[in-house]
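Note: hydrogens, waters and symmetry copies are ignored here, and every other heavy atom, side chains too, is used.
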Amino acid sequence: MTDEPTKFSRWRRDMVEKQIIARGVTDPLVIQAMIEVPRHLFVSEALVDSAYGDFPLPIGEGQTISQPFIIAEMTQSLTLTGQERVLEIGTGSGYQAAVLSRIVYRVYTIERNNALYLRTRKLFDRLKYHNIVTRYSDGTTGWKAESPFDAIIVTAGGNRIPEPLVNQLIEGGRLVIPVGGLHSQELLRIEKTSTGIKTVNLGGCRFVKLIGEHGWPA
């Protein structure tokens, strides 16, 4: 964004250096994507000056934009190389999808809240992020018609791992998802193998609840 005030690019670099690199994120693709994406455009005008802070922010409709470090950690955990097709469950503000779009071949993202879906689709168009494909639907059932995916990221906390999402991964594909209770979850990295799934616990986290057929009831 060449016409943005210089303070935003400065805040972005400070965010990446102090909140992301300093905490151990090393993937150069993730670091570059987070330097590029204008996070302040994914929050309301009232919160623009807080957009690069080390905390989540409300985006309306009872949803939030995640803390920058969590975005970076989850993205790095997908071990992306640049050619992948990635499915995101929970478009929300659109920021996570935007970061992914600077790294991978194509992002497919699903949002169950129509107001957020419409708002975010317009923002993607405005920013010319043409490799993001959106859908208004129940994300817990995945996107079978476009599967299989190289990686899937879930940006809401589920009470279990949705089976359709595992089924829609390629062999060797990765799923990153928060799983647990309503107030806290564990961030899991799941790899689909020829003999089943391999799970790594990345630590505690807190997300809004994942609502849908294979998640929490509405």
Going through the checks in order, is the salt bridge (charged side-chain N to carboxylate O under 4.0 Å, His left out) test met by Glu73 and Arg23?
CA-CA 9 Å; Glu73 181 183 39; Arg23 289 180 179 152; over 6 Å; no

Is a side-chain donor or acceptor of [X] paired with a backbone partner of [Y] at a separation under 3.5 angstrom?
X      : Y      : value
Ser137 : Gly139 : no
Arg160 : Trp216 : no
Glu111 : Gly92  : yes
Ser50  : Gly53  : no
Ser93  : Tyr95  : yes
Tyr52  : Arg39  : yes
Glu84  : Gly82  : yes
Thr109 : Ala97  : no

Should [X] and [Y] be counted in the same cluster of Ile, Leu, Val, Met, Phe, Trp and Tyr side chains packed under 4.5 Å apart?
X      : Y      : result
Ile153 : Leu29  : yes
Ile197 : Val200 : no
Val86  : Leu202 : yes
Ile31  : Val104 : yes
Tyr117 : Val107 : no

Once you measure the plane-to-plane angle for Phe42 and Phe124, does it fall in the parallel (<30°), tilted (30-60°) or perpendicular (>60°) bin?
tilted

Would you call the rings of Tyr108 and Trp143 parallel, tilted or perpendicular, taking 30° and 60° as the class edges?
perpendicular

Looking at [X] and [Y], what are the two nearest heavy atoms and their distance?
X      : Y     : value
Gln19  : Pro68 : OE1-CG, 3.5 Å
Pro148 : Arg85 : O-NH1, 2.8 Å
Ala115 : Glu61 : CB-OE2, 3.8 Å

Atom [atom1] of [X] and atom [atom2] of [Y]: how far apart are they, to the nearest 0.5 Å?
X      : Y     : atom1 : atom2 : value
Ser66  : Ile59 : OG    : CD1   : 9.0 Å
Ile103 : Leu80 : CD1   : CG    : 5.5 Å
His40  : Ser9  : NE2   : OG    : 9.5 Å

Can you check whether [X] reaches [Y] side chain to side chain, under 4.5 Å on heavy atoms?
X      : Y      : value
Arg112 : Asp138 : no
Leu47  : Pro58  : yes
Thr120 : Thr134 : no
Val99  : Met34  : yes
Leu118 : Asn114 : yes
Ile21  : Val16  : yes
Thr155 : Glu88  : yes
Thr141 : His214 : yes

Please assess Glu4 against Arg12 for the test salt bridge (charged side-chain N to carboxylate O under 4.0 Å, His left out), listing each intermediate value before the final yes or no.
CA-CA 12 Å; Glu4 70 174 4; Arg12 247 189 332 274; 2.5 Å; yes

For Leu100 and Leu78, what are the C-alpha separation, side-chain angles and deciding distance, and is it a side-chain contact (heavy atoms from CB on, under 4.5 Å)?
CA-CA 10 Å; Leu100 288 167; Leu78 295 175; 4.0 Å; yes

Take Arg10 and Asp14, measure what side-chain contact (heavy atoms from CB on, under 4.5 Å) needs, and give me the verdict at the end.
CA-CA 6 Å; Arg10 184 176 73 251; Asp14 285 348; 4.2 Å; yes

When you look at Thr64 and Leu57, which way does the side-chain contact (heavy atoms from CB on, under 4.5 Å) test go after all the steps?
CA-CA 5 Å; Thr64 60; Leu57 290 168; over 6 Å; no

Checking Asp125 against Arg121 for the salt bridge (charged side-chain N to carboxylate O under 4.0 Å, His left out) test, could you report, in this order, the C-alpha distance in whole Å, the side-chain angles of both residues, the deciding distance, and whether it holds?
CA-CA 6 Å; Asp125 291 342; Arg121 179 65 266 172; 2.8 Å; yes

Between Arg174 and Leu169, is a side-chain contact (heavy atoms from CB on, under 4.5 Å) present by the stated rule, with each step listed?
CA-CA 7 Å; Arg174 290 83 61 203; Leu169 282 172; 5.8 Å; no

Acceptor/donor pairs from residues 175-189 side chains to any protein atom, 3.5 angstrom cut, sequence neighbours excluded:
| residue | atom | partner | partner atom | Å |
| --- | --- | --- | --- | --- |
| Gln185 | OE1 | Phe207 | N | 2.8 |
| Gln185 | NE2 | Gly181 | O | 3.0 |
| Glu186 | OE1 | Asn201 | ND2 | 3.3 |
| Arg189 | NE | Ser77 | O | 2.6 |
| Arg189 | NH2 | Thr79 | OG1 | 3.2 |

Start with the C-alpha gap between Lys192 and Asp150, add the side-chain angles, then the distance that decides, and say whether salt bridge (charged side-chain N to carboxylate O under 4.0 Å, His left out) holds.
CA-CA 10 Å; Lys192 186 177 182 179; Asp150 300 293; over 6 Å; no

